[in-house]
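Here's a structure for you.
Proteins get letters first, then strands, A, B, ... in listed order; numbering begins at 1 in each. Everything quoted here is computed from the prediction, not taken from an experiment.
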2 protein chains.
Amino acid sequence: MKSATQSALVFPETLSPATQALLDRADALCTRQGARLTQQRREILGLILSVNAPVGAYDLLEQMKTPDRRPAPPTVYRALDFLLEHGLIHRIERLSAFVPCTHLLHDDHAAGCNHDHDQDSICLHTAQFLICRSCKSVIEITNPSILDAVRTTCREQGFVIQSSSIEIEGLCAHCAAHRKTPAHQH
Amino acid sequence: MKSATQSALVFPETLSPATQALLDRADALCTRQGARLTQQRREILGLILSVNAPVGAYDLLEQMKTPDRRPAPPTVYRALDFLLEHGLIHRIERLSAFVPCTHLLHDDHAAGCNHDHDQDSICLHTAQFLICRSCKSVIEITNPSILDAVRTTCREQGFVIQSSSIEIEGLCAHCAAHRKTPAHQH
DNA sequence: AAAGGTATGTTATATTATCACATAAGCTGA
DNA sequence: TCAGCTTATGTGATAATATAACATACCTTT
């Protein structure tokens, strides 16, 4: 009776060249920030990058096990903390799971900033997620108008943002289209 | 060695008349929705209302214990699920804790709608929280422009919102003012 | 090599949440 | 009223997520 979660995540045997390239990029970003993307952190980021879904800490832990090595939870959590702090991944609160930051994947100016902001130098690295309850997909969106509205409100209140999460659960376009529309109520 | 959390929440011995009034109001709201605010649910909502802070499930559990009665976790979680479904409380994901919905406390039109929305009949009962890391205060804000921005984005994407949470962590105005402003970095 | 910071290993345990199954309580219609 | 249904609760066990505390290793600078 394994204690692993029942989630059917598929981890590839080996990392794709594309993933390797992203890891190299992440490495460069860390270096630029005076931080070290150690082998272990790199491994864990690699696992997160190579699964097309949010991954739980214990999924990672399972995946890291070999006959030789049985890492304990702190190993994973420490790496996750590092990756979070350096803006390489996000935690999705509602799922207690982790995904790569889209900026690492797509942006050209990726993580130009250094992420320990205070005052009103809020960096755009704030995450917004659409979580589909049906197909479990999670997509990260970056909508400046949401962010602006949040910023404005905080400024009005004198509240200093350090981090924020915006998580929207529902049905993605695809799943919504493939369901009989349920009765409306109001 | 109690397993209770170390949080120093203060629960009053008895409920204030104001809290009682809110409970009656909640009761009426439930009735209107064809649901029953049973004695147990009422008790738990009462506890949440009477603490001026987010409360964890196990805090509630501790508080409910008497020499006669040792409720188990499902008792609390079932009541919390009910209260969430009926829009009487919110869960703060980042804290794994619960607070009353401000609409119950303040609004006149409180929870006029019935909360199992689909399609684009998104009800305003969506929560937005400012969480102070220093003093641990949590305030719920209701900013239509944030909500509008979220709604617009979702509509563009074809995403059907079922629920959402917006959680902003940082320093409240008071705490921000009482700190030496730390060095800026960018 | 010594010293100091950073990173990792390891054991134990804390904290949060759910499952599964039994019992009770409230509601409805004959 | 009571049989039968639905809803609510009790109870024991356990799952899933996360951290504390302390030891060891590793890396860099002197």
Using atom CZ of A:F82 as one end and atom P of C:dA7 as the other, report the distance to the nearest whole Å. 7 Å
Indicate, with yes or no, if B:F82 and B:M64 share a hydrophobic cluster defined by side-chain heavy-atom contacts under 4.5 Å among Ile, Leu, Val, Met, Phe, Trp and Tyr. yes
Do B:R41 and B:E43 meet the salt-bridge criterion of a basic N to acidic O distance under 4.0 Å? no
Distance, rounded to the nearest Å, where B:I44 contributes CD1 and D:dT9 contributes C1': 11 Å
With the threshold set at 4.0 Å, does a side-chain nitrogen-carboxylate oxygen contact exist between B:D148 and B:R155? no
Would you mind building the protein contact string for nucleotides 18-28 of chain C? One character per nucleotide, 5' to 3', B for base within reach (heavy atoms under 4.0 Å), S for sugar-phosphate only, - for untouched. BB------S--
Report the distance from atom NZ of B:K65 to atom P of D:dT11, rounded to the nearest whole Å. 13 Å
Using whole Å, what does the distance between atom P of nucleotide C:dA14 and atom CG of B:L61 come to? 16 Å
Taking B:D27 for the side chain and B:D24 for the main chain, is one N or O donor matched with an acceptor at less than 3.5 Å? no
Calculate the interatomic distance between A:Q39 atom CD and C:dG9 atom P; express it in whole Å. 12 Å
Report the distance from atom CG of B:L9 to atom P of C:dT15, rounded to the nearest whole Å. 13 Å
Within the pair A:Q40 and C:dG9, is there a side-chain N or O less than 4.0 Å away from OP1 or OP2? yes
B:S96 side chain N/O closer than 4.0 Å to the phosphate oxygens (OP1, OP2) of C:dT15? no
Whole-Å distance separating the CZ atom of B:R94 from the C1' atom of D:dA18: 16 Å
Should B:R41 be listed as having a side-chain N or O under 4.0 Å from OP1 or OP2 of D:dT9? yes
Does a side-chain N or O of B:T75 approach OP1 or OP2 of D:dG10 to a distance below 4.0 Å, or not? yes
Can you tell me the distance, in whole Å, between the CZ atom of B:F98 and the C1' atom of C:dA17? 10 Å
For A:R91, which contact category applies under a 4.0 Å heavy-atom criterion: base, sugar-phosphate, or nothing? sugar-phosphate
With distance as the sole test, does A:T66 use its side chain to make a donor-acceptor pair with the main-chain N or O of A:R69 at under 3.5 Å? yes
One should read off an interatomic distance between B:E140 CD and B:C101 SG, to the nearest 0.5 angstrom, of 5.0 Å
All heavy atoms of A:P54 vs all of A:K136, minimum pair found to be CD-O, 4.3 Å
